[in-house]
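Some notes on the structure that comes next.
Whatever order the structure lists them in is the order used to number ligands and atoms, beginning at 1. Quick caveat: nothing in here was measured; it's all calculated off a predicted structure.
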Amino acid sequence: MNNFFACLGVGALALTGAAHASPQLAIDHGCYSCHGAYPRGEAPNFESLASKLGKYRGDADAVAKFVTKYRTGEPLEHIDAHERLSAETATTLVHWLAEGGK
Ligand code: HEC
């Protein structure tokens, strides 16, 4: 996966205000390399992430709190792929997961 083009794509979406969450956004950010059908190490797969984050559905405050915690890597282990996300992209992805990640 070419990160340069992934970034361009996301940047263009952000500019047009059309950054809809979708599996493509997760693919672009390499999420599936750890959280895919064959999770790497202790990474939960997307299905269990979605059921875990389902409790934040419709609760923007809880999502925002989770996003902060998630991007700073506390109390989780530090994971570059998480910490590299902009607040906006992380929020979009967390919303998407809270809605079931489909
Ligand atoms: C290098 C591997 C790796 C990549 C890439 C990765 N993750 Fe993770 N992720 C993990 C691991 C490992 C955990 C579990 C950390 C823990 O429980 O301490 C985790 C946990 C999570 C959690 C749960 C946090 C919690 O509080 O339970 C979410 C949500 C998540 N990842 C989303 C994503 C998204 C979205 C992406 C794509 C931007 C992504 N991850 C990319 C390894 C990765």
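- Summarising the geometry of Lys102 relative to Trp96, their closest heavy-atom pair is O-NE1, 3.1 Å, with the distance given to 0.1 Å.
- Counting heavy atoms closer than 4.0 Å to ligand 1, residue Leu53 contributes side-chain atoms (C-beta onward) but none from N, CA, C or O.
- Backbone and side-chain nitrogen or oxygen atoms of Glu42 are examined, and none is located within less than 3.5 angstrom of a nitrogen or oxygen of ligand 1.
- Less than 4.0 angstrom separates some heavy atom of Arg40 from each of these atoms of ligand 1: 1 (C).
- Interface atoms of ligand 1 facing Ala81, defined by a heavy-atom separation under 4.0 Å, are 4 (C), 5 (C), 6 (C), 38 (C), 41 (C).
- In summary, the atoms of ligand 1 found under 4.0 Å from a heavy atom of Leu85, numbered by their order in the structure, are 38 (C).
- Heavy-atom proximity to Leu49, at under 4.0 Å, picks out these atoms of ligand 1: 21 (C), 22 (C), 23 (C), 28 (C), 29 (C), 30 (C), 32 (C).
- Residue contact annotation: His82 places an N/O/S atom under 2.8 Å from atom 8 (Fe) of ligand 1.
- Between Leu93 and the choices Leu85, Val67, Leu53, the side-chain contact (heavy atoms from CB on, under 4.5 Å) rule is met once, by Leu85.
- A heavy-atom separation below 4.0 Å is found between Gly30 and ligand 1.
- Rounding to the nearest 0.5 Å places CD1 of Ile79 at 14.5 Å from CZ of Arg71.
- Heavy atoms of Tyr32 stay at 4.0 angstrom or farther from ligand 1.
- Counting the atoms of ligand 1 from 1 in the order shown, those under 4.0 Å from a heavy atom of Lys52 are 25 (C), 26 (O), 27 (O).
- Nearest approach of Tyr56 to Ala98, heavy atoms of both residues: C-CB, 4.4 Å.
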Could you pull out every donor-acceptor pair under 3.5 Å between side chains of residues 41-49 and any protein atom, sequence neighbours left out?
| from | atom 1 | to | atom 2 | distance (Å) |
| --- | --- | --- | --- | --- |
| Asn45 | OD1 | Glu47 | N | 3.2 |
| Asn45 | OD1 | Ser48 | N | 2.9 |
| Asn45 | OD1 | Ser48 | OG | 3.0 |
| Ser48 | OG | Asn45 | N | 3.4 |
| Ser48 | OG | Asn45 | O | 3.1 |

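- When non-hydrogen atoms are compared, ligand 1 lies under 4.0 Å from neither the backbone nor the side chain of Val94.
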Evaluate Val94 against Phe66 for side chain to side chain contact (heavy atoms under 4.5 Å, CB included), listing each step before the verdict. CA-CA 8 Å; Val94 169; Phe66 177 80; 3.8 Å; yes
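- With sequence neighbours left out, the side chain to side chain donor-acceptor pair (under 3.5 Å) criterion links Asp59 to no other residue.
- Among the atoms of His35, an N, O or S atom falls under 2.8 Å from atom 8 (Fe) of ligand 1.
- Atoms CZ and NE2, from Arg40 and His35 in turn, are 10.0 Å apart once rounded to the nearest 0.5 Å.
- Heavy-atom contacts of Ala43 reach the following atoms of ligand 1: 10 (C), 11 (C), 12 (C), 42 (C) (cutoff under 4.0 Å).
- Although no hydrogens or angles enter the test, the distance criterion places no donor-acceptor pair under 3.5 Å between the side chain of His95 and the main chain of Thr91.
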